[in-house]
Amino acid sequence: MNERIRFLAEKAGFVFWGSEEWKPEGTVIDWSCDYSEDLKIYTELIIRKCIEICEKGTNTQTTSFGASQDIKNHFGLK
């Protein structure tokens, strides 16, 4: 999981697997919890971060492409 995405998920309150031997292979988040409220918080955090990137970015002052590139770069997307 991307570090920046993981940080936002932790900040939103998602429960992560530790080193439990019974955890499903390759999983990071324990999806057996009720994340109704956490998902709202997580979504808001992502949206706020995107707004912050758009407001701060030098690329975003001229083009929407620049804004999308800044957001992709921040979250480590291709």
Side-chain angles (χ1 to χ4, degrees):
M1 176 179 276
N2 176 303
E3 286 182 37
R4 292 180 188 239
I5 293 172
R6 182 184 176 107
F7 172 78
L8 293 177
E10 288 174 350
K11 193 171 177 180
F14 286 86
V15 176
F16 287 77
W17 285 103
S19 58
E20 298 89 358
E21 59 186 56
W22 61 85
K23 77 176 186 176
E25 185 178 336
T27 60
V28 178
I29 294 176
D30 180 355
W31 289 103
S32 65
C33 301
D34 177 11
Y35 287 118
S36 300
E37 196 59 34
D38 304 286
L39 191 54
K40 289 178 194 175
I41 295 168
Y42 180 71
T43 303
E44 183 177 318
L45 289 169
I46 290 176
I47 292 168
R48 288 185 183 279
K49 191 59 173 176
C50 291
I51 291 168
E52 179 185 321
I53 290 168
C54 289
E55 289 175 345
K56 286 184 177 182
T58 55
N59 287 330
T60 62
Q61 294 171 1
T62 56
T63 67
S64 60
F65 177 76
S68 67
Q69 288 304 111
D70 285 349
I71 291 168
K72 286 179 189 177
N73 291 340
H74 178 80
F75 288 107
L77 303 174
K78 294 179 183 182

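Nothing fancy with the numbering, it's 1 onward along the sequence.
Cys54 and Ile71 get closest at one heavy-atom pair: SG-CD1, 4.0 Å. Residues Ala9 and Ile29 approach most closely at CB-CD1, 4.4 Å, considering heavy atoms. Closest approach of Asn2 and Gly76 over heavy atoms only: ND2-CA, 3.7 Å.
The salt bridge (Lys or Arg N to Asp or Glu O under 4.0 Å) analysis of residues 9-28, with sequence neighbours excluded, yields the pairs Arg6-Glu10.
Within a 6.0 Å sphere centred on CZ of Phe7, heavy atoms belonging to other residues, nucleotides or ligands number 12 at most.
A search for salt bridge (charged side-chain N to carboxylate O under 4.0 Å, His left out) contacts involving Arg4 returns nothing, not counting sequence neighbours. Evaluation of the side chain to side chain contact (heavy atoms under 4.5 Å, CB included) rule for Lys49 yields Glu52, Ile53, His74, Phe75 as partners, not counting sequence neighbours. In this view, Lys72 satisfies the salt bridge (charged side-chain N to carboxylate O under 4.0 Å, His left out) rule with no residue, not counting sequence neighbours. Not counting sequence neighbours, the partners of Asp30 by the side-chain hydrogen bond (donor to acceptor under 3.5 Å, both in side chains) test are Ser32. Annotation: ring-ring contact (aromatic ring centres under 6.0 Å, His included) contacts of Tyr42 (sequence neighbours excluded): Phe14.
In this structure, CG in Asp38 is found 10.5 Å from OG1 in Thr43, a value given to the nearest 0.5 Å. How far NZ of Lys40 is from CG of Leu45: 14.0 Å, rounded to the nearest 0.5 Å. Rounded to the nearest 0.5 angstrom, Ile41 CD1 and Leu8 CG are separated by 12.0 Å.
Using a 4.0 Å cut-off between charged side-chain N and carboxylate O, Arg48 and Glu44 make a salt bridge.
Residues Val28 and Leu39 fall within the same hydrophobic cluster, defined by Ile, Leu, Val, Met, Phe, Trp and Tyr side chains chained together at heavy-atom separations under 4.5 Å.
No donor-acceptor pair closer than 3.5 Å links the side chain of Tyr35 to the backbone N or O of Gly13.
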